[in-house]
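Predicted, not measured: the structure shown is a model, and the values here were computed from it.
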Amino acid sequence: MRIKKASIRNYRSIRDLEFSLGGRMSVIAGNNGCGKTTVLEALRLLFVFATPRNNVDLRQAASQIPGLQYRNNNSIDGSALLGEPGNSCDVVATCELSDTEVNKILGASDTIALHQYSLMYGGPQGVAARLQTTEGMKEWNSVRGQVRDKIESEFCNDSKDLRLHITIEGTTGQLSRRSELAGSLLANLWEQPDYNLTPVSYFPADRAIPQAAVNIQFGQAEYQSHINTHLVQAHQKYARLKQYITNRHLVRGSDIADDINQVLRIFLGGRRVFDGVSVEPVSGRLMVTVKDIDTNRSYDIGDMSSGERGVLLTYLLLRRSMMKGGIVLLDEPELHFHPTLQKKIVPFLAEHVCASQDVQVIMCTHSPQVLSSAYFEESAVLHHMHARPQRVTEIRRSDRAEAESAIAGLGADPIATICHEGVLYLEGKTDKAVVEEAFLELVGGYKVQVMHGRSEAEKYIRELKAGDVKGQVSIDHVFVLDNDRSVFSFEDSEHVRVAQLRRYCIENYLLDHNVIYSVYDAERRKAETTKRFRQLKSPPDRLTRGDVLQIVKDAALRQLPFVVAKKVYSSSFSPPNCGFLNEYEEFGGDFDGVSDRIWERLEGVRSFVEGVSSDGSKKAFAARCVAELNSAKSDVDYMVELDGKKTLATLWELLISRPDFGLSKNAFMERLVTESVREDGDIWKELKNDLKRLMKRDETSE
């Protein structure tokens with residue numbers, strides 16, 4: 001059996017989510033908090049309550065699963081699981097059965113009918129009493145006929161789909177099954193004699209390994225405890241390592257030894273082997289021992305690290321506790337693993353669980369190593385889960401080459417980006433530091449990446465858009481460009497968005513005079529408390545807000561002569577380009593034609609130089625610069641048009657020369673960011689609102 005489609009509505013943090021699954025292994029990646037674990041918990045709840053055997057099962061499950069409460073009238077209250085109180089919750093899974101499973105169901109209609117009939121009267125004992133009456137037999141024959149007709153209609157026209165559905169009513173909170181027949185069909189399929197095997201098993205991320213000795217039990221109590229660990233008390237799996245190995249060793253002997261050694265070899269280096277089960281003579285303690293090959297020393301598995309025990313139990317159970325055709329819900333399989341070992345998880349599952357046991361594995365992860373190995377595993381299908389809006393999209397290998405090339409060119413890891421809601425590209429390390437410190441909540445879920453140069457970035461942006469148009473991009477790629485050169489003309493696509501700052505660079509948004517004055521004023525007050533400052537013969541006057549305004553302006557305008565000279569030179573005094581051809585396409589392979597074009601350029605340079613009179617041109621250049629500078633001083637908006645990075649560097653040099661200011665350059669920048677966030681002035685709001693709009697996190701988009 002395979003889950004091929006799932007739908008979850010109003011379950012905890014999930015509002016409305018529908019997605020398809022394919023292949024033996026489905027790997028769902030996404031940022032923390034996007035809802036990956038909630039998906040697994042919803043599916044677990046569905047399988048627990050879609051196929052209970054009787055009301056005792058229901059009562060036990062309700063007492064063990066957080067958020068559920070068993071009522072006296074044999075109903076279950078799940079209102080604590082509702083994402084929005086008052087609205088109903090639905091969890092639905094469409095499962096595809098194999099031909100063998102369909103044939104088994106078609107040949108077992110009476111057994112399935114009896115299962116459904118027993119649910120009506122609380123179990124086998126209630127049914128036995130009911131069938132002693134004429135009315136009961138008449139009712140039973142009616143149920144049997146109805147079930148037979150439903151089964152035949154369910155699987156007519158070669159259909160192999162089985163739909164499981166549970167709901168939690170929004171007003172009453174009552175949890176109920178909407179697919180009674182489907183539950184009975186599954187109960188029949190999953191009936192088998194070996195209680196160690198389960199059709200569905202949930203492995204939660206909470207893997208608390210007990211440090212103290214644990215009691216070993218056998219018989220009926222052990223049977224029920226083991227059954228519960230598959231789904232109802234899934235977290236208890238990890239308290240039962242020694243119990244599980246002991247039971248399997250007594251029943252299976254060498255089989256369990258082979259399995260343990262396989263896990264030890266693949267994941268723990270093969271330096272240890274299973275050494276058997278025994279009783280310690282002195283203490284009478286049950287020992288499940290492994291032997292260290294290098295030292296020939298044997299020790300109890302309880303002496304292994306909690307991480308090693310977690311790894312051993314998880315992959316031992318995956319290997320040996322699953323029925324053929326079963327389903328595994330696996331959350332964060334990389335826990336307790338060194339990154340080098342995380343790469344082995346997917347190949348192990350593919351070969352030793354999915355293929356050998358015909359098991360479907362649905363796992364959630366945010367490990368780049370797991371993703372990378374899943375990406376190259378043919379039996380695995382990658383999915384990316386997005387938080388805003390909530391959706392799960394398949395990541396196809398066949399058509400991602402173009403997009404991956406562009407992402408790599410921008411300096412990001414194509415595999416690692418899958419773990420995030422999107423990637424935010426900035427032009428410098430300072431930009432990254434400012435955004436991550438000041439807008440952590442806004443960019444949460446996004447990987448913040450520094451680009452490798454503007455020219456290269458513009459090239460890769462266009463390539464990435466081309467991949468997006470072809471459906472190769474599954475997450476958002478957002479680019480914030482400085483406004484220090486000509487406008488980058490670009491039309492956004494679904495997942496690729498570009499915006500240029502309205503000011504020269506991000507540092508310009510830190511040039512708020514009130515913010516700078518607040519930082520200075522705090523330093524002045526701090527300095528006045530020091531002995532060194534009080535001993536000054538002529539302490540400097542305290543700067544006013546007007547003084548700070550003038551200092552900021554002076555710092556910015558110091559770069560104006562250079563800006564003007566560069567502008568005058570490039571507009572009227574710069575020689576024509578004489579470099580080699582820009583692109584391969586211009587070459588064409590014709591050396592004679594290339595020579596003509598190159599020498600034509602050189603001739604243009606020679607003519608330009610001959611036309612330049614040394615004295616006259618120098619004077620003309622200087623005169624133009626003076627005129628432009630005088631005009632620029634009155635016209636330039638230094639807060640917007642001049643380089644904020646240079647302005648802040650000059651401003652710090654002016655302030656640090658004063659005895660009432662002692663911040664280092666880095667500390668000065670950090671304080672400006674902190675104070676900008678605190679004051680939230682108009683300049684800072686401008687940057688914040690632009691980022692919100694670009695990342696589609698304004699109120700209208702949410």
Side-chain angles (χ1 to χ4, degrees), residues 3-21 26 28-52 57-58 61-71 75-95 162-180 182-183 186 200-206 230-235 327-332 360 362-366 383-393 421 445 702:
I3 299 176
K4 70 176 191 178
K5 189 176 181 180
S7 173
I8 304 169
R9 184 171 61 87
N10 198 36
Y11 179 82
R12 294 192 184 274
S13 62
I14 295 179
R15 295 182 182 178
D16 195 353
L17 184 66
E18 185 172 321
F19 56 95
S20 298
L21 299 171
S26 294
I28 303 175
N31 194 49
N32 284 333
C34 69
K36 302 186 301 296
T37 296
T38 308
V39 167
L40 296 185
E41 289 180 347
L43 292 175
R44 168 220 196 177
L45 188 73
L46 175 66
F47 282 112
V48 168
F49 289 99
T51 59
D57 281 1
L58 289 175
S63 67
Q64 296 296 333
I65 296 179
L68 298 180
Q69 184 176 358
Y70 189 80
R71 295 168 173 168
S75 66
I76 295 173
D77 183 355
S79 55
L81 300 178
L82 297 175
E84 295 182 356
N87 294 330
S88 296
C89 163
D90 291 279
V91 182
V92 182
T94 302
C95 304
L162 194 63
R163 189 172 185 268
L164 302 176
H165 184 184
I166 61 171
T167 187
I168 301 174
E169 295 295 335
T171 53
T172 64
Q174 182 169 333
L175 188 151
S176 58
R177 297 184 298 276
R178 293 294 182 88
S179 49
E180 294 285 358
L186 281 188
V200 183
S201 191
Y202 174 45
F203 291 79
D206 180 14
H230 296 316
L231 281 175
V232 176
Q233 294 177 290
H235 63 283
I327 297 170
V328 169
L329 307 175
L330 180 59
D331 198 11
E332 297 186 28
Q360 181 187 25
I362 303 170
M363 76 167 77
C364 294
T365 182
H366 44 75
H383 302 267
H384 181 236
M385 186 163 183
H386 308 255
R388 301 187 184 187
Q390 281 185 329
R391 66 189 191 279
V392 176
T393 55
E421 185 179 340
E702 290 185 353

Quick one: [atom1] on [X] to [atom2] on [Y], what's the gap to the nearest 0.5 Å?
| X | Y | atom1 | atom2 | answer |
| --- | --- | --- | --- | --- |
| C95 | R163 | SG | CZ | 11.0 Å |
| R15 | C89 | CZ | SG | 14.5 Å |
| F49 | R44 | CZ | CZ | 9.0 Å |
| E169 | D90 | CD | CG | 8.5 Å |
| D16 | I8 | CG | CD1 | 10.0 Å |
| T38 | Y11 | OG1 | OH | 7.5 Å |

Flag the pair [X] / [Y] as yes when at least one side-chain heavy-atom distance between them is below 4.5 Å, and no otherwise.
| X | Y | result |
| --- | --- | --- |
| C34 | K36 | yes |
| E332 | M363 | no |
| K5 | E18 | yes |
| I362 | L40 | yes |
| Y202 | L330 | no |
| V92 | L164 | no |
| H383 | L21 | yes |
| Q174 | I168 | no |

Step-by-step side chain to side chain contact (heavy atoms under 4.5 Å, CB included) determination, L17 to M385: CA-CA 10 Å; L17 184 66; M385 186 163 183; 3.7 Å; yes
Residues R71, D77: salt bridge by 4.0 Å N-O rule: yes
On a heavy-atom basis, which atom in [X] and which in [Y] lie closest, and how many Å separate them?
| X | Y | value |
| --- | --- | --- |
| A6 | L43 | CB-CD2, 4.2 Å |
| T167 | S88 | OG1-CB, 4.4 Å |
| G35 | I14 | O-CD1, 4.2 Å |

Test side chain to side chain contact (heavy atoms under 4.5 Å, CB included) on L162 and T94 and set out the steps. CA-CA 6 Å; L162 194 63; T94 302; over 6 Å; no
Verdict with supporting geometry, L82 and N87, side chain to side chain contact (heavy atoms under 4.5 Å, CB included): CA-CA 7 Å; L82 297 175; N87 294 330; over 6 Å; no
Check the pair L45, I166 against side chain to side chain contact (heavy atoms under 4.5 Å, CB included), reporting the backbone distance first and the verdict last. CA-CA 9 Å; L45 188 73; I166 61 171; 3.9 Å; yes
Using modelled atom types only, decide if a donor and an acceptor are shared between the side chain of E84 and the backbone of G170 within a distance under 3.5 Å.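 Absent.
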Just jot down the side chain to side chain donor-acceptor pair (under 3.5 Å) partners of [X], sequence neighbours excluded, or say none.
| X | result |
| --- | --- |
| S176 | none |
| T37 | D331 |
| H386 | H384, R391, T393 |

In I3, V328, L329, V200, the residue satisfying side chain to side chain contact (heavy atoms under 4.5 Å, CB included) with Q360 is I3
